[in-house]
2 protein chains.
Amino acid sequence: MDLSEIKINPIERDYLDRAWERLNNLTKPRGSLGRLEELAAQLVAIYKDFNPTIRGKLFFVFAGDHGVVEEGISAYPKEVTAQMVFNFLRGGAGINVLARYAGAEVRVVDVGVDYNFSKIDGLYSKKVCYGTRNFTKEPALTREEALKTIKVGYELAKEAISQGYNLIGVGDMGIGNTTPSSAITAVITGKPVEEVTGRGTGIDEKTLNRKIEVIKRAIRLHHPNPEDPIDVLSKVGGTEIGACAGVFLACAESGIPVVTDGFITTAGALIAYKINPLVRDYLIASHRSQESGHQFQLNYMGLEPLLDLNLRLGEGTGGALAMLVIEAALRIYREMATFESAGVSTAIV
Amino acid sequence: MDLSEIKINPIERDYLDRAWERLNNLTKPRGSLGRLEELAAQLVAIYKDFNPTIRGKLFFVFAGDHGVVEEGISAYPKEVTAQMVFNFLRGGAGINVLARYAGAEVRVVDVGVDYNFSKIDGLYSKKVCYGTRNFTKEPALTREEALKTIKVGYELAKEAISQGYNLIGVGDMGIGNTTPSSAITAVITGKPVEEVTGRGTGIDEKTLNRKIEVIKRAIRLHHPNPEDPIDVLSKVGGTEIGACAGVFLACAESGIPVVTDGFITTAGALIAYKINPLVRDYLIASHRSQESGHQFQLNYMGLEPLLDLNLRLGEGTGGALAMLVIEAALRIYREMATFESAGVSTAIV
């Protein structure tokens, strides 16, 4: 995959200005719908459409395993990754419930699970490997594998966009995946490992200290180059993280808004952002995760999340809730009366 | 109206415990859906139902005028209150758009607008007065009128509950109504007027200073008694604020969750809370308003809002967005698979 061929156009000031002109004429004090108005303006500019409409909502849930789990850094056994894939396919996981409510389809993708699913209905089989390697000993992925994970996300997103989906979110499943996400975040943002490493699914103090030590050891061993995102992804990353990056790049290239979830998907956004910072114009940060490093990722890209509900599940669950707010913002833009049409007086001071 | 006859039962620990038992068995790390889980447990306990279901959602938008507007404390002319009532009835206001999206009905109530609507289809005519009096000169309402406003909200809510609505929100419309809301907040929370007074619909520094001075003058003149909420409501309150208080009391008495909006409706919640603090168990604080005093109201009652989207429109708009989150929380509770049913391994540490 040749990343230099991905062309992203920045959103245009003119669309934002014209969107704000309409927003300022709606029957409310200027700016009184806060983030909804900012979101509506961003969406008008992304879609280049003054009657912006969501035609189809979709989540990709990327699943992958992590060799580093053998270092004892997770609260759950590795088998849970595959078990949760079955749960996604049966519709019983958090993302299934919330995506149904938000009116979004869920596509479950095996990008690197250490399990042989053979042919299972509904599962997108895009396996790059049977889990990453233990990055305390060797790089998690080869450079070629890392590029392949990005390609998986990129091509799936392009396919979905060609099918008419125009609001896409990403989710992750992978026992141990806050560990590579913290490593990526430390390398790219330059923050100390301690500050960007949290308790993931709920590890104790002792396990947290081991996790921090494991990440430090991997960074010392591999020296990932923060200015070479593929180097970072291959040395200390994960397959689902790479696939998320691919989705972000594809959506930005195609002019489609794309919704982050929590710490893992936003690590994917960091990779995409380092590949092409223009991707940022198309990102909608759904929520602020409980995972401490998430804030540093968002700050690095200058993103402000919509929601803060103490979530730390992943899977795209925060993104699904954000899609409700996104839809609400568009309806405000499209459906509210103007001062003139409603015969309402404007401000006197 | 005899307020001492309103009987509110606290929610029961046992329902909360059993709700958490189910939440902890769903296929996610414990507590990883944060506020959604807390909300689901609260709703189970409010409804006393382990299969909690929203059968009907409804907003009351209470409109009233304020004599104190003649002191020049608002950015909009008083006529806008009545103009916006027509906008609500035609479905063009923010609350109409967001309530439609949330699947909620909107009932527009004239509880004290200074305009003669005669008979208009769709408007609930419950006029207590043609606007409050200018409280820098005399009490805003008589004690009898204040009680009447509470009765308006109480009876409308009881009627709606008998019709099957089991999730109710309140909204407000009334040019100038952040001024009585700040006065109520200062008196009840004991905070300095400066700290609980903000820019409302968007006034300038000079008008803000006048607004603060107007509120201080009214409090000095009337000495509202913070332990007598009817005294506070009558001396420095408003008709729409009293009606909100009535809705909160009725919902709590009937065991129905009720959603606050921003600064004005939460002033109504303060009045209800001082009448009977058990009302708190049934309140869901929808969002944190941009209006600075809102935080002090929420802190006083120990409420944590769900959303923080820089809203300051009122009308119930934040409440409508919160209803989306509430519905999402209930679906998580009802629809997610358990570890056992999905064959997913539980935590190892």
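Residue numbers start from 1 in every chain, and the chains themselves are labelled A, B, ... in the order their sequence lines are given, proteins ahead of strands.
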Bottom line for A:Leu307: the part with an atom under 4.5 Å from chain B's heavy atoms is side chain
Scored by heavy-atom pairs under 4.5 Å with chain A, the best of B:Asn310, B:Leu311, B:Leu309 is B:Leu309
Taking it one step at a time, do A:Thr27 and B:Met84 satisfy side-chain contact (heavy atoms from CB on, under 4.5 Å)?
-> CA-CA 8 Å; A:Thr27 48; B:Met84 283 300 294; 4.2 Å; yes
Just checking, is any N or O donor in the side chain of A:Glu71 or A:His66 under 3.5 Å from an acceptor N or O on the other one?
-> no
Whatever's closer than 4.5 Å to a heavy atom in chain B on A:Leu324 counts as both
Check the pair B:Lys28, A:Glu315 against salt bridge (Lys or Arg N to Asp or Glu O under 4.0 Å), reporting the backbone distance first and the verdict last.
-> CA-CA 10 Å; B:Lys28 53 168 184 51; A:Glu315 303 179 1; over 6 Å; no
Side-chain donor-acceptor pair present, B:Asp65, B:Thr81, cut-off under 3.5 Å = yes
Between A:Glu304, A:Arg312, A:Glu335, A:Arg35, which shows the greatest number of heavy-atom pairs under 4.5 Å with chain B?
-> A:Arg312
Under 4.5 Å from any heavy atom of chain A - which part of B:Arg90 = side chain
Bottom line for B:Leu321: the part with an atom under 4.5 Å from chain A's heavy atoms is side chain
In terms of heavy-atom contacts, does CZ of A:Arg30 have more than 12 from other residues, nucleotides or ligands at under 6.0 Å?
-> no
Heavy-atom pairs under 4.5 Å with chain A are the metric here; pick the option from B:Glu327, B:Glu79, B:Arg334 that has the most.
-> B:Glu327
Please state whether the side chain, the backbone, both or neither of A:Gln290 comes within less than 4.5 Å of a heavy atom of chain B.
-> neither
Pick from A:Ala337, A:Gly34, A:Ser32 with the largest number of heavy-atom pairs that fall under 4.5 Å of chain B = A:Ser32
Would you please name every residue forming a side chain to side chain donor-acceptor pair (under 3.5 Å) with B:Glu105, sequence neighbours left out?
-> B:Arg107, B:Tyr165
Side chain from CB out, backbone as N, CA, C, O: work out which of these in A:Arg100 comes under 4.5 Å of a heavy atom of chain B, or both, or neither.
-> side chain
Got a sec, which residues hit ring-ring contact (aromatic ring centres under 6.0 Å, His included) with B:Phe86, two or more places apart in sequence or on another chain?
-> B:Tyr115, B:Phe117
Heavy-atom proximity to chain B below 4.5 Å, by part of A:Phe88 | neither
Who wins among A:Leu313, A:Leu98, A:Asn87 for the most heavy-atom pairs under 4.5 Å with chain B?
-> A:Leu313
Looking at B:Asp261, B:Thr260, B:Thr266, B:Thr265, which one forms a side-chain hydrogen bond (donor to acceptor under 3.5 Å, both in side chains) with B:His294?
-> B:Thr266
Answer yes if the side chains of A:Asn25 and A:Glu340 hold a donor-acceptor pair under 3.5 Å, and no otherwise.
-> no
Given a strict heavy-atom distance threshold of 4.5 Å, which part of B:Tyr333 is in contact with chain A: side chain, backbone, both, or neither?
-> neither
